[in-house]
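Nothing here was measured: the structure is a model prediction, and the numbers come from that model. Every chain is numbered from 1 and lettered A, B, ... according to where its sequence line falls, protein lines coming before strand lines.
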Amino acid sequence: MSYLSISNVSKIFGGVVAVEDFNLEVEKGEFISFLGPSGCGKTTTLRMIAGFELPTSGEVVLDSENITYKSPNERNVGMVFQSYALFPNMTVAQNIGFGLQVRKTPADEIQTTVKEMLGLIHLEKHAEKYPYQLSGGQQQRVALARALAINPRVLLLDEPLSALDAKIRVELRQEIRRIQQKMGITTIYVTHDQEEALSLSNRIVVMSQGRMEQVGTPSEIYNHPTTEFVASFVGQLNLLPVSEVDLKNGVCKLNGQLVRFDHSEPRQISDKPRLAIRPEEFQFGQAEGRNLIQGHVEVVMFLGAVVRLRVRIGEVLVSVDLFNERNMTLPRVGDEAVVNFPPHACWIM
Amino acid sequence: MSSNPISNSVNTKRDAPQARPALSAWRDWLGVIPFFLFVFLFIALPSFRLLIGSFQDSDGQFTLKNFADLMDPSILGAYWVTIRISLTTALGGGLLGFLMAYAVTVGGLPRWVRSALLTFSGVASNFAGVPLAFAFITTLGRIGMVTVFLKLLGIDLYDKGFSLYSFWGLSLTYMYFQFPLMVLTITPALDGLRREWREAAENLGATSFQYWTRVALPILTPAILGTMILLFGNAFGAYATALSLTGGFINLITILIGSQIKGDVLHNVGLGYALALGMVVVMGVMMTIYYFLRRRSERWLKQ
């Protein structure tokens with residue numbers, strides 16, 4: 001049996017289904033992200049693991065112990081909140097030591113752990129400061145240390161970086177991963193930021209409208225999405241209407257032009273089949289053995305590392321990302337464009 | 001961007017906002033002129049008159065006798081009973097008000113109970129003086145409704161030692177306007193307790209008692225202290241309720257001042273002023289204690 005097992009868990013709030021039939025097996029030391037838009041049920045699921053919400057049905061088993069109906073203070077599960085939730089009346093050291101203090105841990109042991117945690121988050125010099133004297137990033141690091149100080153069985157992080165600015169977010173996300181790997185702690189991370197989920201996780205659970213859409217490694221989620229929601233929520237995706245789809249031979253027509261697609265995985269297609277392809281799969285110009293389509297450049301956006309184009313192919317606008325090169329000549333609006341892409345990079349939905 | 005520092009400097013000056021004309025600044029103060037006028041006419045001037053008057057005898061001559069008279073045992077007793085009644089009702093009303101505010105904020109009672117309690121508190125906190133005394137006499141007086149009803153049930157309150165016209169009777173009456181004031185002032189503070197603090201504490205293993213004693217109450221302490229001093233002052237300065245209820249049977253300092261200033265028998269305006277100055281000193285001492293307690297309890301607040 002896995003270390004953390006969430007079986008058939010559902011949560012209904014006054015007739016509204018927040019989480020529906022959630023099943024997940026987590027191995028010890030794994031870093032799992034719950035990824036999805038606001039209101040998809042990811043935080044509710046996390047709160048059910050923490051004990052702040054009781055499941056309407058199903059059970060949560062942690063380390064062979066059924067904790068479904070245990071109160072939060074008996075679970076030994078650490079949680080980091082989006083808003084830090086540091087106690088404003090306590091110093092950094094007191095905040096970190098709080099969990100040990102309420103457990104009646106000997107004072108010298110508390111002192112040692114607090115010191116160790118302060119070292120872990122590189123805030124040794126701030127031990128006697130109050131939360132209001134710290135920046136947002138520092139406060140969140142203290143919140144992380146506070147959650148880790150009690151040596152929790154699982155670490156839960158509820159959108160811990162969303163209140164921080166972009167640069168701090170990237171720094172702290174690396175910090176979280178470093179600490180998680182160092183301590184080998186099983187971690188569940190809730191986020192709506194795909195970049196966070198992709199860069200941090202061993203596995204990602206993509207959720208939508210209370211349901212699990214797909215569970216997989218970051219690469220599986222990005223490269224082999226199983227549903228249209230996952231494909232369009234994680235990364236950019238072109239969905240281009242096609243006709244005369246031949247699933248057996250992997251060919252269809254896009255605006256009258258013949259296109260080959262990946263048909264190695266069995267897929268169900270809708271009444272209105274569309275060709276799915278990510279913008280970064282395109283290249284400019286002609287190339288042997290690749291699909292070619294012709295159109296006109298309608299929009300050019302220079303984004304630094306990437307140049308994003310919108311190319312009109314008949315009635316359809318296709319998003320094309322080109323990696324920027326120093327000597328690259330940027331296409332101009334109105335230019336005729338021939339773009340190519342490999343057959344294995346596109347599929348029918 | 002220009003590379004010429006001189007031209008830059010000139011541009012900066014040209015772009016800088018111009019100083020506001022003096023007339024406009026004066027206009028901003030117009031709205032608060034009535035406030036300052038009231039403060040001057042009804043706080044500053046009377047206080048000054050009180051200070052001067054307390055050093056004057058009935059002929060207007062300088063004297064220290066009024067202050068010497070404050071040491072009279074009956075006057076010291078009046079101060080003591082007033083302080084006791086103020087402390088009792090501040091603590092009692094404060095506790096009752098806190099518990100009620102707790103019940104309607106974090107206690108999970110339905111929303112309509114909160115609205116009802118806050119509306120009642122808004123009215124009751126201002127319901128004092130003759131109407132309040134009359135209300136209590138008709139309910140808990142010797143032949144008040146509740147007293148008679150309890151008597152029918154075999155419980156004689158007055159036989160058991162209760163009297164509305166005693167220290168505890170007056171305290172009970174004061175509580176009627178004290179606890180609603182606590183409800184009104186502490187409810188926003190309780191609303192300010194963030195759910196995440198409680199959840200974080202629970203998540204770290206704290207019991208509800210540990211959360212309240214180590215997190216919530218320390219956070220609320222500055223607000224509680226502020227409200228308690230307000231309740232103390234509210235009771236300390238009460239006059240009409242006590243006079244209407246006890247008719248001077250309880251020797252409160254405010255009643256004593258009234259009889260010294262407008263009474264026919266004890267008329268001594270100078271002593272009345274000195275008594276009032278004594279009240280200012282007592283409140284000053286209370287405010288100083290409050291100030292130090294508050295400073296200790298809010299070290300963690302952003303200065």
Approximate separation, where rounding is to 0.5 Å, of A:Met90 CE and B:Ile219 CD1: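 If we round to the nearest 0.5 Å, A:Met90:CE and B:Ile219:CD1 are 7.5 Å apart.
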Contact listing (chain B partner; residues 172-185 of chain A; heavy atom under 4.5 Å):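 When heavy atoms of chain B are the reference, residues 172-185 of chain A contributes no residue within the under-4.5 Å range.
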Nearest non-hydrogen partners of A:Ala85 and B:Ala200, listed with the distance: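 Closest approach of A:Ala85 to B:Ala200, heavy atoms only: O-CB, 4.0 Å.
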Interface residue of largest heavy-atom contact number with chain B, from A:Ser83, A:Pro131, A:Gly78, under 4.5 Å: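 Highest number of heavy-atom pairs under 4.5 Å: A:Ser83.
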Qualifying salt bridge (Lys or Arg N to Asp or Glu O under 4.0 Å) pairs with a residue from residues 104-117 of chain A, counting only residues at least two apart or across chains: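 Passing the test, one end in residues 104-117 of chain A: no pairs.
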Over 12 foreign heavy atoms within 6.0 Å of CZ, B:Arg295: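 No, not enclosed.
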Distance, nearest 0.5 Å, that separates CE of A:Met79 from CG of B:Leu204: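 Result: 11.0 Å between the selected atoms.
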Sub-4.5 Å side-chain heavy-atom contact between B:Tyr211 and A:Asn73: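 Not in contact.
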Contacts of residues 32-52 of chain A with chain B (heavy atom under 4.5 Å):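 Hits under 4.5 Å: A:Arg47, A:Phe52.
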Distance (rounded to the nearest 0.5 Å) between B:Thr221 OG1 and A:Asn89 CG: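 It is 8.5 Å, given to the nearest 0.5 Å.
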Non-hydrogen side-chain atoms of B:Arg214 and A:Val102 separated by less than 4.5 Å: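 The answer is yes, as the side chains (C-beta and beyond) meet within the 4.5 Å cut-off.
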Sequence neighbours excluded - ring pair (Phe, Tyr, Trp, His ring centres under 6.0 Å) pairs with any residue from residues 60-85 of chain A: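 Listed once each, the pairs would be none.
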